[in-house]
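Let me begin by presenting the structure, written as structure tokens, before commenting on it.
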Amino acid sequence: HQATDAILLCSKVQKKSIAIRIAENMETDFTPEVEGWHQGPDGSWVCLIRSGFEVHHQYAIIFRVPPYHEALQVSKDVVLQLVDLDDETSSNFEVFTYISGNYDTNV
């Protein structure tokens, strides 16, 4: 399975405090200290990407889409947003679709 790189266009951001949040449910809380997939208090999954991405001229973020936390039999919509870890603000979310069969959970 191939990993997928993504480009996220955004307003001016600073790499030092920004993270990318991918969640099954928009309301799922996350633990800022934990990178990668983990279950929120409501039982749904959330992924926090705190490193391994590039900020290009403060207006674009290039990152590798992390594999979904389990093998997918059907495509799955999740929400993706930027989070400022310093002040806990977040951007508007965008819907991202994981396509079944295209992501290896063992990457």
Side-chain angles (χ1 to χ4, degrees):
H1 298 285
Q2 280 187 302
T4 300
D5 289 335
I7 299 172
L8 183 62
L9 301 177
C10 53
S11 299
K12 192 173 185 179
V13 295
Q14 299 292 327
K15 183 177 181 178
K16 66 178 178 75
S17 64
I18 205 77
I20 302 165
R21 176 181 179 262
I22 302 172
E24 293 179 329
N25 177 341
M26 189 63 212
E27 305 302 318
T28 302
D29 202 8
F30 64 92
T31 306
E33 298 81 27
V34 178
E35 187 162 9
W37 286 102
H38 59 280
Q39 278 188 296
D42 64 356
S44 63
W45 289 83
V46 62
C47 179
L48 195 64
I49 305 167
R50 298 179 55 177
S51 62
F53 58 86
E54 296 296 321
V55 175
H56 182 70
H57 297 288
Q58 299 179 322
Y59 292 100
I61 298 175
I62 301 123
F63 67 101
R64 178 143 298 163
V65 176
Y68 198 63
H69 65 87
E70 63 184 1
L72 290 173
Q73 302 303 314
V74 297
S75 297
K76 173 77 174 171
D77 286 342
V78 294
V79 293
L80 183 144
Q81 71 182 160
L82 297 179
V83 177
D84 187 321
L85 297 174
D86 286 344
D87 63 11
E88 298 182 14
T89 58
S90 58
S91 69
N92 293 332
F93 71 89
E94 293 293 330
V95 175
F96 178 82
T97 303
Y98 277 96
I99 307 293
S100 63
N102 285 349
Y103 298 92
D104 185 352
T105 58
N106 297 316
V107 173

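This is a predicted model, so every value here is computed, not measured.
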Quiz prompt | Side-chain heavy atoms of Glu88 within contact of Val83, under 4.5 Å | solution = no
Quiz item: Do you know which two heavy atoms are closest between Ser100 and Leu72, and how far apart they sit?
Solution: CB-O, 3.5 Å
Quiz prompt | Separation of Ser91 OG from Ile20 CD1 (nearest 0.5 Å) | solution = 10.0 Å
Quiz item: Are any side-chain N or O atoms of Glu24 and backbone N or O atoms of Trp45, one a donor and one an acceptor, separated by less than 3.5 Å?
Solution: yes
Quiz item: How far apart are the closest heavy atoms of Val79 and Asn25, and which atoms are they?
Solution: CG2-C, 4.4 Å
Quiz item: Out of curiosity, does Val55 fall in the hydrophobic cluster containing Val65 (side-chain heavy atoms, cut-off under 4.5 Å, transitive links)?
Solution: yes
Quiz item: Is atom CZ of Phe63 surrounded by more than 12 heavy atoms (other residues, nucleotides or ligands) closer than 6.0 Å?
Solution: yes
Quiz prompt | Shortest non-hydrogen separation from Ile49 to Ser51 and the atoms involved | solution = CG2-O, 3.4 Å
Quiz prompt | Distance, nearest 0.5 Å, that separates CG of Asn92 from CG of Leu80 | solution = 12.0 Å
Practice problem: Give the cluster check for Met26 versus Val95: same hydrophobic cluster or not, with ILVMFWY residues linked at side-chain heavy-atom distances below 4.5 Å. | Solution: yes
Practice problem: Would you kindly confirm whether Val74 and Tyr98 end up in one hydrophobic cluster when ILVMFWY residues are joined by side chain heavy atoms under 4.5 Å apart? | Solution: no
Quiz prompt | Gln39 atom CD, neighbour heavy-atom count above 12 within 6.0 Å | solution = yes
Practice problem: State the CD-SG distance between Glu35 and Cys47, to the nearest 0.5 angstrom. | Solution: 7.5 Å
Quiz prompt | Residue pair Ser75 / Ile99: nearest heavy atoms and the distance that separates them | solution = OG-CA, 3.7 Å
Quiz item: Would you say Gln58 has more than 12 foreign heavy atoms packed within less than 6.0 Å of its CD?
Solution: yes
Quiz prompt | Side chain Trp37, main chain Ile22, donor-acceptor under 3.5 Å | solution = no
Self-check item: Spacing of CG belonging to Leu8 relative to SG belonging to Cys10, to within rounding of 0.5 Å
Solution: 5.5 Å
Self-check item: Reported CZ-to-CG distance for the pair Arg21 and Leu82, which is rounded to 0.5 angstrom
Solution: 11.5 Å
Quiz item: If two hydrophobic side chains count as joined below 4.5 Å and joins carry through other members, does Tyr68 share a cluster with Phe53?
Solution: yes
Self-check item: NE2-CD1 distance between His56 and Ile7, expressed to the nearest 0.5 angstrom
Solution: 9.0 Å
